[in-house]
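Worksheet for the structure shown next.
Below, chain A is the first sequence line, B the second, and so on; all start at residue 1.
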There are 2 protein chains.
Amino acid sequence: MKQAIQIDEKNRRILTILQENARVSNAEIARQLGMTTSAVFERIRKMEERGIIRGYSVQVEPAALGLPLSAFVSVKINPHRLAPEVGRAIAEIEGVEEAYHLTGEECFLARIRCSDTDSLERILMQINDIEPVYATRTVIILRSAKEISGALLSSVVGGLGAGEGA
Amino acid sequence: MKQAIQIDEKNRRILTILQENARVSNAEIARQLGMTTSAVFERIRKMEERGIIRGYSVQVEPAALGLPLSAFVSVKINPHRLAPEVGRAIAEIEGVEEAYHLTGEECFLARIRCSDTDSLERILMQINDIEPVYATRTVIILRSAKEISGALLSSVVGGLGAGEGA
DNA sequence: ATTGAAACTCGCAGAGT
DNA sequence: ACTCTGCGAGTTTCAAT
């Protein structure tokens, strides 16, 4: 059974502070919560150990990386039981930031980040080339009304930037 | 004109390291890149100042917060020019992690995180209660094949947890 | 933009409650 | 699980290049 590991009040407050700025010092967290640094240190260490904290990330302005274009691609596949393979194949495509297996006929949704429509076209072709995929539907993101992820880009390394050739 | 602020090689490598673990020390980054800590410090400071770095976040295991259920809600609205207001209204609803204004008929997409289907129902009602909204379509996320955001939850603070009452 | 040194602050571990 | 204590390590500033 996958039991829900619940969290106490103090840990929740530590996470709240880390969420706003993951690079604050333990000492600063301790100050804000009226604890000692050691206590904060221990709690964070345990949350990391228990997998409650998965990691820490930087949110980057995508324009700075030459990736101003975002889109969602909905995907239909045919033998539905190939979903795991399709999921893996989509996830591996450069420019795919997120990929979800969903209920419904359009059983995959991928969020794309790229430099321009040419780059988007190339990504769409790669998705359509996956064997069980028989249809895609793409919508462009005009604006994010709320974006938690900021731009946690998998592709800081990648180089899907505006200047790249073939 | 919104010019694309491009980034040099060193900054890209710094961002790559921060992406994997935003809580590494500047000294450690410096070691990996063969720079001095001061240089790394200065470059990070400037990227923060210029808005290239938006912030740093912790990725939390959602189950630990009692939020095992994820969904996407597509929204249709009627006078299309009320989009900005609708976007703001959706973004404010507790449980909405991300909200995007899109091209196409379903011009908004919201990603939801909540404790159970009851909670999801309540969120859907709130979305449908927004004036210009005349239709929603909900799909449940079965699995994330790729999830950059990990679980950057806006609602660590919130308390949409399993145990909450009304 | 980078450096090296100086002053300050923090991380982290050990021992104790 | 928290506190106190202390040293090694990290942060941050600054004059100089």
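Listed by first then second residue, pairs satisfying ring-ring contact (aromatic ring centres under 6.0 Å, His included) with a partner in residues 48-79 of chain A read A:Phe72-B:Tyr100, not counting sequence neighbours. The list of ring-ring contact (aromatic ring centres under 6.0 Å, His included) pairs with a residue in residues 105-138 of chain A, not counting sequence neighbours, reads A:His101-A:Phe108. Pairs engaging residues 124-137 of chain B under the salt bridge (charged side-chain N to carboxylate O under 4.0 Å, His left out) rule: B:Glu106-B:Arg137 [sequence neighbours left out]. Evaluation of the salt bridge (charged side-chain N to carboxylate O under 4.0 Å, His left out) test over residues 75-88 of chain B, restricted to residues two or more places apart or in two chains, returns B:Lys76-B:Glu105.
Taking the C1' atoms of five terminal pairs at each end of the helix from C:dA1-D:dT17 to C:dT17-D:dA1, the two resulting helix axes are inclined by 40°, rounded to 10°.
Reading DNA chain D from its 5' end, the first and the last nucleotide to sit under 4.0 Å from a heavy atom of chain A are D:dA1 to D:dT5. On the nucleic acid side, DNA chain C contacts chain B at distances under 4.0 Å to non-hydrogen atoms, with the end points of that region at C:dA1 to C:dA5.
Judged by distance alone, the side chain of A:Thr136 and the main-chain N or O of A:Val73 form no donor-acceptor pair under 3.5 Å. Formation of a donor-acceptor pair under 3.5 Å by the A:Lys146 side chain with backbone atoms of B:Ala91 is found in this model.
Checked against salt bridge (Lys or Arg N to Asp or Glu O under 4.0 Å), A:Glu28 has the following partners two or more places apart in sequence or in another chain: A:Arg31. Partners of B:Arg43 under the salt bridge (Lys or Arg N to Asp or Glu O under 4.0 Å) rule, at least two apart in sequence or in another chain, are B:Asp8. Looking at residues two or more places apart in sequence or on another chain, you find a salt bridge (Lys or Arg N to Asp or Glu O under 4.0 Å) between A:Lys46 and A:Glu42. Not a single side chain to side chain donor-acceptor pair (under 3.5 Å) links A:Asp118 to another residue, sequence neighbours left out.
Residues A:Leu33 and A:Ile7 share a hydrophobic cluster, clusters being chains of Ile/Leu/Val/Met/Phe/Trp/Tyr side chains in contact below 4.5 Å.
Summary of the strand contacts: B:Arg31 and B:Arg45 both lie near DNA chain D, and taking for each the nucleotide with the nearest heavy atom, the more 5' one is attributed to B:Arg31.
One distance of note links CZ of A:Arg122 with CD1 of A:Ile127; it measures 13.5 Å at 0.5 Å rounding.
If you check residues 34-43 of chain A against DNA chain C, the residues with a heavy atom closer than 4.0 Å are A:Ser38, A:Phe41, listed by number.
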